[in-house]
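Residue numbering restarts at 1 for every chain, and letters A, B, ... go by the order of the sequence lines. Just so you know, these numbers use all the heavy atoms, side chains as well, and skip hydrogens, waters and symmetry mates.
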Number of protein chains: 2
Amino acid sequence: MPQISGKVAKRAAGRPATKANAAQEPRPVSDKTLRKALGYHMKRAFNVIQTDLSETLKPLGLRMLTYTALVLIVDNPGLSQSQLADAMDIERPNLVVIVDELEQNELILRERVPSDRRTYALNATLAGRQLYERAVAAVLSHEARLLARFDAGQLEATKTVLQSIRAEG
Amino acid sequence: MPQISGKVAKRAAGRPATKANAAQEPRPVSDKTLRKALGYHMKRAFNVIQTDLSETLKPLGLRMLTYTALVLIVDNPGLSQSQLADAMDIERPNLVVIVDELEQNELILRERVPSDRRTYALNATLAGRQLYERAVAAVLSHEARLLARFDAGQLEATKTVLQSIRAEG
DNA sequence: CCTAGATCGTTATTAACTATAATTATCATC
DNA sequence: GATGATAATTATAGTTAATAACGATCTAGG
């Protein structure tokens, strides 16, 4: 899942520029057509953010999906796996292993609810809530550093666009 | 790869609201903590755009990766697989099957270059260039429809932020 | 009551994308 | 000419996503 970035720079730096290859100097690959689409920029930017996020979470023993699930469980105590899967936009079968992992790490509990014995009420343990605090702080501070150079107006416009794209579906 | 979206709406719509469940009406799941991070909005927005893109490309027999590769090959005739992999930010081994697929569909050619017989010069066929035209037009018009409601300033700010994120790595 | 249909969590399976190590052929350099 | 680097490839494994199907349970209509 972590994606390597910045290879173009590595390539460009590592050229000895001898007489032999001076002629066919590897001209940088043009992405003039791709860059007309916002989705292209979004994929590249998302790769960067996702890699950064993964490295932030790794020392805490979390991945992006387990982080997302843990945060939603802490913020919404007692929710069901179906609700959680809906909130995460993933299929119910794929959530099972995520909840399994959180449960095995004793970060959450699957509790039976008497009124509907088909469902589990998901609740975080104390350790889960403590990890939540550390993980959320780490994620936000990491991202703040990554976005430090932008002004609030730019970020607000970006957030607005991204949110509205999501809303339309 | 296409991700289902809009499930929350489906769920909310399908409730009969009888006496029994009126009490524990499924309150919408709160993402108040997650939404503090721009990466969260980016993932959701990217899912929407990616799903839209995949559906746009499917009738043309392309996926996101084969589309990206085809566009870069048409725009950069004769480039090598290493250059292409670098431009796409994927590992060289993973590019092989993509180039295989484009070649089997007779959209591109792997041509030996005499000056360096280790590399292939990738070039699009006539069919490849024709499909390129149709695919690029389809992608841009689809995205234009998806982004129609935003003004140019918002989109420009978004593009600037996304590009700079990518540049920093 | 009680049967039919729906929902919840689950298993199994498949496909797509990503990442790493190792191999072969070729090139560059000393 | 030997040594090391590069290009493409093979093999492999890990992660994520999508679908079908099942048992248990709930809901609704007769």
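Atoms CG and CD1, on L38(A) and I165(A) in that order, are 6.0 Å from each other to the nearest 0.5 Å.
R117(A) and P114(A) get closest at one heavy-atom pair: CG-O, 4.0 Å. Shown here for G78(B) and N123(B), the closest heavy-atom pair between the two residues is N-OD1, 3.0 Å. Between L72(B) and L79(B), the closest heavy-atom pair is O-CD2, 4.4 Å.
We find that CG of L57(B) is positioned 15 Å from C1' of dA16(C), with the value rounded to whole Å. N47(B) has its CG atom 11 Å from the C1' atom of dT16(D), to the nearest Å. In this structure, D89(B) places its CG atom 16 Å from P of dC17(C), rounding to the nearest Å. The distance from atom CG of L79(B) to atom C1' of dA8(D) is 14 Å, rounded to the nearest whole Å. Straight-line distance from the CD atom of Q50(A) to the C1' atom of dT18(C): 10 Å, rounded to whole Å. As rounded to whole Å, 11 Å separates atom C1' of dA8(D) from atom CG of L122(B). Taking atom CD of residue E91(B) and atom P of nucleotide dA7(D), one finds them 13 Å apart after rounding to whole Å. A straight line from CG of L65(A) to P of dT15(D) spans 11 Å, rounded to a whole angstrom.
Residues from residues 94-112 of chain A that place a heavy atom under 4.0 Å from any atom of DNA chain C, listed by number: V96(A), R110(A).
When the nucleotides dG9(C), dT18(C), dT9(D) are ranked by their closest atom to the side chain of I90(B), dT18(C) comes out on top. Nearest to the side chain of T119(A), among dG9(C), dT9(D), dT20(C), sits dG9(C). Checked against dA17(D), dA8(D), dT10(C), the side chain of R92(A) finds its nearest nucleotide in dT10(C). Of all nucleotides listed (dA8(D), dT26(C), dC17(C)), dC17(C) comes nearest to the side chain of R63(B). Distances from the side chain of P93(A) to the nucleotides dT9(D), dG9(C), dA20(D) place dA20(D) closest. Closest contact between the side chain of D116(B) and the listed nucleotides dT18(C), dT26(C), dA8(D) involves dT26(C).
One finds no side-chain N or O of S80(B) lying less than 4.0 angstrom from the OP1 or OP2 phosphate oxygen of dA7(D).
Sequence neighbours left out, not one pair with a member in residues 94-142 of chain A passes ring pair (Phe, Tyr, Trp, His ring centres under 6.0 Å).
Both P114(A) and Q81(B) sit near DNA chain D, but only Q81(B) has its closest nucleotide nearer the 5' end.
Other residues, nucleotides and ligands place more than 12 heavy atoms under 6.0 Å from the CD atom of E111(B).
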Please assess D75(A) against D31(B) for the test side-chain contact (heavy atoms from CB on, under 4.5 Å), listing each intermediate value before the final yes or no. CA-CA 7 Å; D75(A) 284 352; D31(B) 59 353; over 6 Å; no

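Side-chain atoms of R118(A) come within donor-acceptor range of the base of dT7(C), with a qualifying N/O pair under 3.5 Å.
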